[in-house]
Structure formats: structure tokens, C-alpha cells
K.L.:
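Can you read through this structure? Questions will come right after.
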Number of protein chains: 2
Amino acid sequence: MSKEITSRLQDYSQWYNDLVLKGELADYSAVRGCMVIKPYGFALWENMRDVLDRKFKDTGHVNAYFPLLVPKSLFEAEEKNAEGFAKECAVVTHYRLKTDPEKHGKLMVDPEARLEEELIIRPTSEAIIWNTYKGWIQSYRDLPLLINQWANVMRWEMRTRLFLRTAEFLWQEGHTAHATSEEAVAETVQMLDVYADFVEKYMALPVIKGVKTESERFAGAVDTYCIEALMQDGKALQAGTSHFLGQNFAKAFDVKFSDKNNKLDYVWATSWGVSTRLIGALVMAHSDDDGLILPPKIAPLQVVIVPIYKGDEQRGMIKEVMAPVVKMLKELGISVKYDDSDNSRPGWKFAEYEKKGVPVRIAVGARDLENNVVEVARRDTKEKMSVSMDGIAFYVKTLLDEIQLHMFEKARIYRDEHITKVNTWDEFVNTLETKAGFVSAHWDGTAETEATIKEKTKATIRCIPLNNEQESGKCILTGKPSTQRVLFAQAY
Amino acid sequence: MSKEITSRLQDYSQWYNDLVLKGELADYSAVRGCMVIKPYGFALWENMRDVLDRKFKDTGHVNAYFPLLVPKSLFEAEEKNAEGFAKECAVVTHYRLKTDPEKHGKLMVDPEARLEEELIIRPTSEAIIWNTYKGWIQSYRDLPLLINQWANVMRWEMRTRLFLRTAEFLWQEGHTAHATSEEAVAETVQMLDVYADFVEKYMALPVIKGVKTESERFAGAVDTYCIEALMQDGKALQAGTSHFLGQNFAKAFDVKFSDKNNKLDYVWATSWGVSTRLIGALVMAHSDDDGLILPPKIAPLQVVIVPIYKGDEQRGMIKEVMAPVVKMLKELGISVKYDDSDNSRPGWKFAEYEKKGVPVRIAVGARDLENNVVEVARRDTKEKMSVSMDGIAFYVKTLLDEIQLHMFEKARIYRDEHITKVNTWDEFVNTLETKAGFVSAHWDGTAETEATIKEKTKATIRCIPLNNEQESGKCILTGKPSTQRVLFAQAY
């Protein structure tokens, strides 16, 4: 086949790119580091977005929209945040083009249309949002403020990869304001739980919830909570973050509220986000050498029916018999496509839908009709079953649930098998080299040690797991005392 | 009241701004010409977007996402399009900030991080999309390509107004590719019909469908179709456009396809869009001096119930009686809020929900309960009715439909009364000055005459109505022969 996919073993990185491109999720664009999300990939994102949006609204949040551009003076107001993002900012400096007098038919930036103050394309929106909140918050009655935004953001990364690291990406960013520190921390943890629940139940991807070390913290946060997932090559991927921002942004933008006793205090803040990066995680965690494997709950297409016929009479007959099945599946809320297009042969169609990760394929020929059966193939295990036409729609509905659970279980077992406890430096290095995955080890708690370990092994501390077991031990690098293990891994 | 709204008669423009700000639809931002869409305004936009998105999908379109930034060389490829937008482009020239050595704690653009090629923030996406389509279209089998994108765009307008004209706005832009001119024209007209149907049925706003003259055409289009609505001050507002682009973009980006006979030809294109500007139209067309009046079908909140009680016992009793009503309304798919908050008095709540344009308000006190009635007030006519509790939910459902129809009828009658046929220059000028609205008049068909009329009266040709009656006459300005009337108006 011309559209072959590189195997994982041969070249994991190329395998991933092949899946994204040939699975029609995304395409490269003319703009450095920016991708086009193709209709099939976007339908997947829409499904993910709709579930998350419902969860945000169910937990009391509302959506709004804030400007794309951030004036430099606002951008630099919270110093740590500004420092963290300054090196990857796309900057708007002019607001007009004009005809180039030296090149016929070409345009040039009009030097007379220089902005008085440069505008940054938001890499994240804390600055513009907290500057706005200043006008919206006066009293405890205005709190909590629970707002989310679905938006595009831009971070000028030097090395980019489709979905995983692109200069522009789509995401949602929640920005909440609270009267107390406790309430803000509770919100931070609640949203981490929302993310974990979504990624596990819908993306079929088990995650570890934890807190980042200071070095890995979001610029401007007091604490960054995260969910970490494991990919098939044993590398970790941060799937979502929820930040407790303390009063940092309230102080930078002077946002105070009067409490019930008329006492003025700075507002407490959180922010939390997940992005189209999740699609990269989804692809890497589940797929195989034949293509994507998508979890039924968010797959753009759940079932495809491919009739196998000779001539128009058989084609018509099969279509007639299958029409009520299609109808019934739709009534059960299942997305289904009946593909009897004449453009390509069944074998080609099978490969195509496998590549695109459609969870269930039903094939049906004239002989099957005589026997009142169809052939049902599941994408995840590649099992094929001959199934009676009686009650086929309910069979498929149950099968989709089964596939969803099985995909999660498979990923969970793989993940659990790839959490290795080590106690010495040699074990640590050896585990990373031979097995990868998460390595649970003692660390002396210093940023220096963390940096040295990263330099020597490329492994970073992914998180200190929530409700971490307290256990005394010695740092694998320095031998200094430690009270708990943390999770290391090489990561995307 | 402190949050008073300026009356329409006193200052129409200030009335509009008051509605947007005090109705909590939007707020000004720190970025010149860019606004913040507040949660209430965004909920309205979500409702509008969801209806439109369903209509696009029902007509075979899929969503995708293309990059925000357009390299200058692509931007200028289609000359007319580039010329049309060059003067309002936000231009990214650098990709990094650095610490300003002369100002402690401040950042500056890093002069060493200048882009080789400037990037334009999309004012519209034809260029980046047709450059992408080049890689997606080879054969007639790849056509039609029916793609839509929901996105933010930026046009650096000098004079901005909330929703109506903002530097950044949200919109959708459909970009389709076809094998024949006929098919592309049919798509253009189909999408105009989708827009007209949406604006009339959901926004309760009657529109006139037509074609733009050459001067008012989209830059790069062969023909621009539009829907035009009338505001309460007699000015017209373009509510949506659908463009037949011919082969202009296919030629600029060299997008060819081979037909069934293996003959190569350029692809035919359309593009079509509506934006958050529609919210401005909605506000201006229906509201009154007490606040917004929102059509039930897209109102973020359709019904509010305000109990009138003294003490906790009455409060609890009314809540208990009304709970099944709230439940029943929700079961009927109606959004409802039961507001028994102690923060404010009923009268203040009434004014607040009036200002926000909630279509139906139900007030209920202890006396009402004894009589088994509630007071129902409709926002559009301000009528109040005492209604039996028996079957109240169905009554409200019917009332919401009635309000939707009544709002449309009221706007239609106003619009129809403001289409004036004139035959002389004096009548034309006089009508614009005393009555405004659409003026139906003969025009000699030249851009010069059109420009002169605009200069003298600020009126432009809004459109040549579709299926326009052919009638010979004389141009109101030049007296030259004309074969049909066109619609003039002053416009937003």
C-alpha cells in the first residue's frame, strides 16, 4: 500500500507522524510550527471539547472571551509569568501594510504604522484577564468568579511536533477568583479531578495525579497540579495542569475585594488548562502499526458498515436489509457510516477505516444475509466475530462499551507495569535505559539535584503524587535523606 | 437607579453602548478596539453558534482549523484580496522579548529575533486556506470540499464599536471548493439562505437578500451575496455575506483538479461568514429604553421566576410549590432560573432581568399561592398576566413561541414601513433625512454615481435584491436610464 505506516519499532517518532498525517488528523502548514487541524482531527477535538465544556458548566463555570493580544506593559506586570514566557512570544509591532515602491505588486510593512506599544499574542491569558477582573471585582459578593475560555494561544517553540508541541494551539483556560486561599486550592484540585476523570473515562488513558516541583511549576504559580500519562515508548506526557496562583496576579494587577467585615484583601486565583496536545497523547497511547485506535466515547465515527457485493442488485439488497440496522444504531446515539461507495474495494476500505481508528467495523455480504449474520470486527483487538442480525444494534452498543473499558485496562496494565521502584543510582539509570516508564525514587528535594539528574539522564520529576506515601530513604543521586519517593520519567 | 440606560431618542449611540455594557454582554479591554465578551454575551453567542453549526453540518459541511498567522507572501498572492485588507493588518515581526538593559524589570522586543518574513494575523483566511487546499485537491473525487472554521480574526479598524466593529472579532468562515461554476454559485446561494433562515427564525430579524454592487464587493470575490437588516434608527446593517469567488483564489494559489476526462482546470470557490457583529444587530433591532429584548430561541435564559416573600417560612413555602414548575419547564427544554437570593429586592431583580432581556418573568407571592395563580410578564410587550398554576409550564412554552413570532412581526412591519420608493433626487434626500430606512431607487449602474451619492448623502447601495423586479426608469442622480431599482440606505 502506498499509504503505509512506519512501524513503532522501526521509528517511533515517524510512526507518530504517519498516524497523524495518514489518519487525517492534521497537516503541516506554510507557517513555521503551526499546523492545520483537518476535519477528522477537528471532529475528535469537538467531541473532547463538548465533554469538557459540559463538565466545566456542571461545576458552575461559564465561558467568556478575552482579547488575543496583550499589551507589553500588562504582559510584564507579573514578573515570573512574564519571564517564563518572554522567550517564546510572537510580537505585533505594526498595524498596516503598504505597497512596496521597489517591488511591483508586493506589500511591505508600513513603517509609519508602528504601534506605540507592542502587543503580544497571548501565550496564556492571566495578564489580560486579571487586568479585566480588576474592573469586575469589588466585594465578596462578586466572588467566586468562575470563568473559562476556549481559545487559540501561541508559544514560539523552537522544535515543534504535530499536536504535541506547536507554535499555535487550541486550548481552554479556566481563570477563577476566590475570597480565600482554601477555596482557591479546592478549586484547583476539583479541576484536576475533572481533567483526570475526562482523560480516564473518555480518552481511556490512566493518569497519575500529582504536584510539580518548583522547577517544573507554571511561571507565576504557587503550586502546579498535574496529570501525567504514559506513552507506548515509556515516555511520560503531561496531560493537563491546574494552578493555584495564590495572590500573585491579584497583587500584580491590584485586584482587591472587601470581605463581609469590609476588610480589603487581595483575591486568590487559579488557572487550569488542557489543549489539543491531548490528541497527541491519545494517538501515542493507543494506536498500533495499522493506524489509529480511538476510544468509542470520543471517536468521530464509532461504527462503519461496509457491504460486500457484486453488482447493483446485491448492493441494493444489502442496503435494504441494513437500513433498519443503521437507523437503530442512530437511535441508540451511535454514529455510523454506511459506506457502499463504488470508488474503492472493500479491502481498501477496511484498511482506511483501520487507519482512522474507527472502533467497530461491520462487513456484510450476500452469503451473510442468507445466514442472518454479519461480521463484526473490533479495531482495538482486531478480533472478528460472526454475529446474528437479531439484536445486532444492542450487541454493537455493548461492544463499544466493552472496547472503551478494554482500552483503558490495557493502558492501565502497561502503565502499572512501567512504574519501577529503585533505590540506587545504577538501578535508576538502568531502568530508564532498558525499560523506561515512571521511576519511583527518593530525591533530596533540591532544584540542583533535580537539574543534575535531568542533565545526566534527560529524566525530570513528573510529579510528587497526591496522597503520596511517606517513607524515609536516601536520594538516589546525593544520598541525602528524603521523606518520600517522587516520580521521574523522560517526557514529551 | 444608578445603572440607568440612556434613552434612544436622547442619544441612540449611547443607548446602544449602555445596553451592551449594562446588559453585561461585553466590556472594553486594555487593547485598542478589542472587547471582552462577558459570560452573558458569550452564552448568547454560544446559542447562536450552536444553531448555525448544526445548519452547516446538516448541509454537509465539516469544521477544521487553520493557522492564525498568514505569511506575507501568501497574503499578497491574491492581489485584490491583499489590497482590500492591507490597510488593516496586524503584523507580527518578532518572536521573542528580552530584558530591557536600560529599564529594570521591563521587557523589550529582542531585535535579534526578527522574523525573516512578516506574519499577518488573519483578517480572513482565504490565503492560508487556499494554500492548504492546493495539497488536498488533485481530482474531481476530492471535490466538493465543504469546510467551515470557527475562529478569531483581526482587522485594524480606526473607529471601533462594541460588537459592530471591533479590531478582533469571532466569526465562522466557510471555504468551499467545487468542480464547476454552477455548483459554486449554488453553494453561495444555499449558504445565504442558511444565514437568512437563521437570522429570521432565531434572531427574529427580517432580512433582505441581495447582491452587492462592485464597489461593495468582498475583495477578491466575483459576486458578494448579502443579507441586510434594518435597525431601529433606520440604518441598515449587513448581517452576513456569502461570496462566489470564481477561480480567483485557485489561480492565485495554483489549485487545479483533473475532471472525469482527465482535463485539468482551476477549482471554483466560495466563502461565507457571519460574526459576533450579529449580536450588535440583535441588540439594536429589538431592545428598548429599559434594556435588551432577546428572542426566546437564542436567549441565554428564557424564564426567570422571582418569588415575593416575607420571612423564611413564606420563602420556603413558595419554593416548594414552584419546584415542580421549575422541573417541568426544564423537562420542556426551557432554561429557567429561580431567583430567591436575599441580596436584592424583587423590584431590583425585575429591573435587572428586564435589562438583560429575559423573555419571560414569573413573579409569585403568598397571596398568589392562595389563588393558585402566578404573574407572568413578557419582556417584549411588557404585558403582565395573572395565569393559573394549572398547566403553567405549557402556557409558558406557548408564550415563548408567541414572543418569538411577535418580535419578528414587529421588526418586519417596521422594516416594511421603512422601504420607500422614490423617483427623484429631492425625494431621495428628503426620505433619508426625515424617515431613513431603505430607499428603493433607480441608479445608472456606474460606480461613479454610487460614489457621488455616498459622498452627498452617506447612503450606499445595500444590495440589488435577489429576484429583483425589472422596471425601466431613470437614475435619481444622473437621469440616465436604469432597468431596476436598488436599495440604498445609510448603514453600520
Side-chain angles (χ1 to χ4, degrees), chain A residues 27 29-31 34-43 45-46 62-72 74-76 79 82-83 86-99 105-109 118-121 128 131-132 135-136 141 147 151-152 154 156 168 170 343, chain B residues 27 29-31 34-43 45-46 62-72 74-76 79 82-83 86-99 105-109 118-121 128 131-132 135-136 141 147 151-152 154 156 168 170 343:
Chain A
D27 204 349
S29 84
V31 193
C34 296
M35 66 177 173
V36 173
I37 305 180
K38 296 188 82 169
Y40 191 64
F42 201 83
W45 177 242
E46 284 179 314
V62 288
N63 288 329
Y65 187 75
F66 296 86
L68 170 74
L69 301 177
V70 187
K72 189 172 72 67
L74 293 186
F75 179 81
E76 66 195 1
E79 278 187 42
E83 197 186 301
K87 286 187 187 133
E88 44 195 51
C89 281
V91 188
V92 177
T93 54
H94 293 74
Y95 58 85
R96 197 164 61 214
L97 297 175
K98 63 172 213 172
T99 306
K106 299 286 176 187
L107 295 169
M108 59 178 280
V109 173
E118 293 89 354
L119 299 168
I120 316 299
I121 298 184
I128 190 83
N131 182 62
T132 307
W136 294 359
R141 287 190 201 85
I147 296 183
N152 52 343
M154 183 151 285
W156 208 265
E168 182 189 12
L170 302 184
N343 285 341
Chain B
D27 204 348
S29 84
V31 194
C34 295
M35 66 177 175
V36 173
I37 304 180
K38 295 188 83 170
Y40 191 63
F42 201 81
W45 177 242
E46 285 181 313
V62 288
N63 288 329
Y65 187 76
F66 297 86
L68 170 74
L69 301 176
V70 186
K72 188 172 73 69
L74 293 186
F75 179 80
E76 66 195 2
E79 278 188 43
E83 198 186 301
K87 286 186 188 135
E88 44 193 51
C89 281
V91 189
V92 177
T93 54
H94 292 75
Y95 58 84
R96 197 164 63 214
L97 296 175
K98 63 172 214 173
T99 306
K106 299 287 177 186
L107 296 168
M108 59 178 280
V109 173
E118 293 89 354
L119 299 168
I120 316 300
I121 299 185
I128 191 82
N131 183 62
T132 307
W136 294 358
R141 286 190 203 83
I147 296 183
N152 52 344
M154 184 152 284
W156 207 265
E168 182 188 11
L170 303 184
N343 284 342

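What you see is a predicted model; the values in this text were computed from it and never measured. All chains are named by letter (A, B, ...) in the order of the sequence lines, taking the proteins before the strands, and each is independently numbered beginning at 1.
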K.L.:
Using a 4.5 Å cut-off on heavy atoms from C-beta on, say whether the side chain of A/V36 contacts that of B/W136.
P.N.:
yes
K.L.:
Output the option from A/N63, A/V31, A/V70 having the highest count of non-hydrogen pairs under 4.5 Å with chain B.
P.N.:
A/N63
K.L.:
Among A/D27, A/I128, A/N131, which residue has the highest count of heavy-atom pairs closer than 4.5 Å to chain B?
P.N.:
A/D27
K.L.:
Among A/E118, A/K72, A/E88, which residue has the highest count of heavy-atom pairs closer than 4.5 Å to chain B?
P.N.:
A/K72
K.L.:
Do you know which of B/M108, B/R141, B/E46 has the most heavy-atom pairs under 4.5 Å to chain A?
P.N.:
B/E46
K.L.:
Is B/L68 in contact with chain A via its backbone, its side chain, both, or neither, using a 4.5 Å heavy-atom distance?
P.N.:
both
K.L.:
Please flag which part of B/T93 lies under 4.5 Å from any non-hydrogen atom of chain A: side chain, backbone, both or neither.
P.N.:
both
K.L.:
Report which part of A/L107 has an atom under 4.5 Å of a heavy atom belonging to chain B: side chain, backbone, both, or neither.
P.N.:
both
K.L.:
Please look at A/E83 and chain B and tell me whether the side chain, the backbone, both or neither of the residue comes under 4.5 angstrom of a heavy atom of that chain.
P.N.:
neither
K.L.:
Out of A/G41, A/G105, A/A64, A/S29, return the one with the most heavy atom pairs under 4.5 angstrom to chain B.
P.N.:
A/A64
K.L.:
Let's go through A/E76 and B/L97 carefully: what are the C-alpha distance in whole Å and the side-chain angles of both, what is the deciding distance for side-chain contact (heavy atoms from CB on, under 4.5 Å) to 0.1 Å, and is it a yes or a no?
P.N.:
CA-CA 10 Å; A/E76 66 195 1; B/L97 296 175; over 6 Å; no
K.L.:
Does any heavy atom of chain A fall under 4.5 Å from the side chain of B/L119, the backbone, both, or neither of them?
P.N.:
side chain
K.L.:
Please state whether the side chain, the backbone, both or neither of B/V62 comes within less than 4.5 Å of a heavy atom of chain A.
P.N.:
side chain
K.L.:
Using a cut-off of under 4.5 Å on heavy-atom pairs, state which of B/Y40, B/F66, B/F42 scores highest against chain A.
P.N.:
B/F42
K.L.:
Determine whether A/P39 and B/I147 make a side-chain contact, defined as any pair of heavy atoms from C-beta on separated by less than 4.5 Å.
P.N.:
yes
K.L.:
For chain B, find which of A/R96, A/E79, A/M154, A/K98 contributes the most heavy-atom pairs closer than 4.5 angstrom.
P.N.:
A/R96
K.L.:
Among A/A90, A/A30, A/C89, who wins on heavy-atom pairs under 4.5 Å with chain B?
P.N.:
A/C89
